[in-house]
Amino acid sequence: MVEYSSSTNPSHHHQGFGMEAHSIDGVSSQTDSKFYDDDGHVKRTGNLWTTSSHIITAVVGSGVLSLAWAMAQMGWVVGPAVMIFFSVVTLYTTALLADCYRCGDPISGKRNYTFMDAVQTILGRHYDTFCGVIQYSNLYGTAVGYTIAASISMMAIKKSNCFHSSGRDGPCRISSNPFMIGFGIIQIVFSQIPDFHKTWWLSIVAAVMSFAYSIIGLALGIAKVAETGTFKGSLTGIKIGSVTEAQKVWGVFQGLGDVAFAYSYSQILIEIQDTIKSPPSEAKTMKKAAKISIGVTTTFYMLCGFMGYAAFGDGAPGNLLTGFGFYDPYWLVDIANAAIVIHLVGAYQVYAQPLFAFVEKWVSKRWPKVDKEFKVPIPGFAPYNLSPFRLVWRTGFVIITTIVAMLIPFFNDILGLLGALGFWPLSVYFPVEMSIKQKKIPKWSQRWIGMQILSFVCLVVSVAAAIGSVASIVLDLQKYKPFHVDY
């Protein structure tokens, strides 16, 4: 039996990234503080560990697999310095952004449910359009990137088994299309999870998987170094001669973009913060979670990037676990790639849910009748609230994303470009400008000048990374046929 229910009843679901506060029977729902928060939403239950797992799921993504390649472009001097630079900048701007969740009082001030809400409230309406275009384009691009990465890992499992049975020179050409379609079907199912608050379990599973494949990649790198008895690589990375001067420059720039992508999660930080319960203040929990998760991920990044580069030197593959630097033990490489796929199923949702919520909020305001749900009984479980609009729109989103991924399956290039385009505006510019406005930092004061210099340096890094990635995409397109990618 299917019963109709209205999705505007807050007892049915959490706020899902910025839905308006509701009332029940004309009485403000915040009167019952046992079940509702100060803004009338169902009690948030996130804590330090769920927040850390959301961040780790968002940060330790497929980007970790390209770090050995990025190190090969930059070498033993610039490579580690770039990683430390991005981790310090990310930690600093995360603290600035965490304070933007509430305006005024950090405990009882007005909440900003999304990154865009914060920009609009603090900086004004003309900024939020620019922010929205950058943020949601970046979220969409990340979903495309993760579809590509997941398909490459699924192909690597099949190819690894093919090599094992027919030898390394065997005919093991595999098309990416069936794997992208398979990943898309999985995402259509998971995309029906109503909102971000209900994906906490998926984030924890994904975070565990990210550690699993990072540890395997690290262990294989250590084993490779132990086997050869030498640390490969050089102080300046790939030498001019083996590549042209232009290729060297593009490679370094694209490496910057890959590292930037590996740290990018600012665009969903406010949304993650909106799942945290209080007291203590949400900003305090977020800052602690950021220290834990960025500390852990930076350690992992350095270990994986350094050991991958030490193992392969200038020949480090673009994707450490699918570039077949490692062939044996093949079952361990398979486990690592399976962990990547499971992680990316969760990471896709962490990035897609804010975009889903933004569109659904806009549509429900414009056409309120669209905002309907039907109770579908599930034996042994609580009834599922089925929204016809959510089903159609999210399924369409996943299908279009999958088709785009099949059109442009360039793993490293896409990661670099996404990192470049999203890093400066979302991770640096907006947090810095909102902090200056919110904390009333005087113009031309030492702190103001320092923050502007940081913003300018990061802008230069972003532009350089974007140029390198675009140059690589142009080169790849010269030898590419749409929907025909063998691996």
Side-chain angles (χ1 to χ4, degrees), residues 7 10-22 29-30 33-61 94-95 97-103 106-118 121 135 139 142 190-208 210 265-294 345-358 360-361 385 390 426:
S7 65
S11 65
H12 290 308
H13 61 84
H14 187 263
Q15 73 279 8
F17 292 104
M19 293 303 189
E20 302 301 321
H22 303 295
S29 53
Q30 69 191 63
S33 60
K34 189 176 176 184
F35 300 107
Y36 300 100
D37 276 329
D38 56 356
D39 59 344
H41 288 303
V42 177
K43 274 278 186 191
R44 293 158 176 86
T45 56
N47 55 36
L48 181 65
W49 302 112
T50 61
T51 306
S52 298
S53 70
H54 278 318
I55 296 172
I56 289 168
T57 301
V59 178
V60 183
T94 292
L97 201 51
D99 289 330
C100 297
Y101 174 64
R102 285 187 185 267
C103 292
I107 295 169
S108 60
K110 176 187 173 292
R111 297 174 190 260
N112 294 306
Y113 301 114
T114 67
F115 193 104
M116 246 178 103
D117 285 349
T121 304
Q135 183 189 5
L139 292 176
T142 302
F190 280 106
S191 291
Q192 298 313 309
I193 296 172
D195 60 54
F196 195 61
H197 185 70
K198 292 183 172 65
T199 64
W200 63 269
W201 61 273
L202 196 56
S203 275
I204 289 172
V205 170
V208 170
S210 67
Y265 80 102
S266 294
Q267 66 266 45
I268 55 169
L269 182 140
I270 299 282
E271 285 84 345
I272 292 173
Q273 198 165 335
D274 193 41
T275 67
I276 300 172
K277 65 182 176 185
S278 61
S281 74
E282 298 86 357
K284 192 173 181 182
T285 303
M286 175 54 81
K287 287 174 186 177
K288 274 189 188 173
K291 282 178 185 172
I292 292 168
S293 48
I294 292 173
V345 168
Y348 185 107
Q349 288 302 314
V350 168
Y351 280 91
Q353 285 285 345
L355 186 51
F356 293 159
F358 170 73
E360 285 156 24
K361 179 183 175 184
N385 294 318
R390 186 169 66 222
L426 299 174

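Being a predicted model, the structure only gives us computed values, none of them experimental.
Lys277 and Glu282 are not joined by a salt bridge, as no carboxylate oxygen comes within less than 4.0 angstrom of a charged side-chain nitrogen.
At least one side-chain heavy atom of Cys103 sits less than 4.5 Å from a side-chain heavy atom of Asn112. No side-chain heavy atom of Lys110 sits under 4.5 Å from any side-chain heavy atom of Arg102. Contact annotation: the side chain of Leu269 never approaches that of Phe115 to less than 4.5 Å [non-hydrogen atoms, C-beta and beyond].
Note that OG1 of Thr121 is 10.5 Å distant from OH of Tyr113, once rounded to the nearest 0.5 Å. Note: Thr114 OG1 to Gln273 CD = 12.0 Å, rounded to the nearest 0.5 Å. Expressed to the nearest 0.5 Å, how far NZ of Lys284 lies from CD1 of Ile276 amounts to 13.0 Å. Atom OH of residue Tyr348 and atom OG of residue Ser191 lie 5.5 Å apart, to the nearest 0.5 angstrom. If you take CE on Met286 and NZ on Lys291, they are separated by 13.5 Å, rounding to the nearest 0.5 Å.
Of all the heavy atoms in Ala290 and Thr94, the pair that sits closest is CB-CG2, 3.4 Å. When all heavy atoms are compared, the tightest approach of Phe190 to Gln349 is O-OE1, 3.5 Å. When every heavy atom of Leu97 is checked against every heavy atom of Ile270, the shortest pair comes out as O-CD1, 3.6 Å. The minimum heavy-atom distance between Arg111 and Tyr101, with the atom names listed, is NH1-OH, 2.8 Å.
Residues satisfying the side chain to side chain contact (heavy atoms under 4.5 Å, CB included) test with Ala289, not counting sequence neighbours, are Leu48, Thr51, Ser52, Ile55. Partners of Asp99 according to the side-chain hydrogen bond (donor to acceptor under 3.5 Å, both in side chains) rule, which considers only residues two or more places apart in sequence or in another chain, are Lys287, Lys439.
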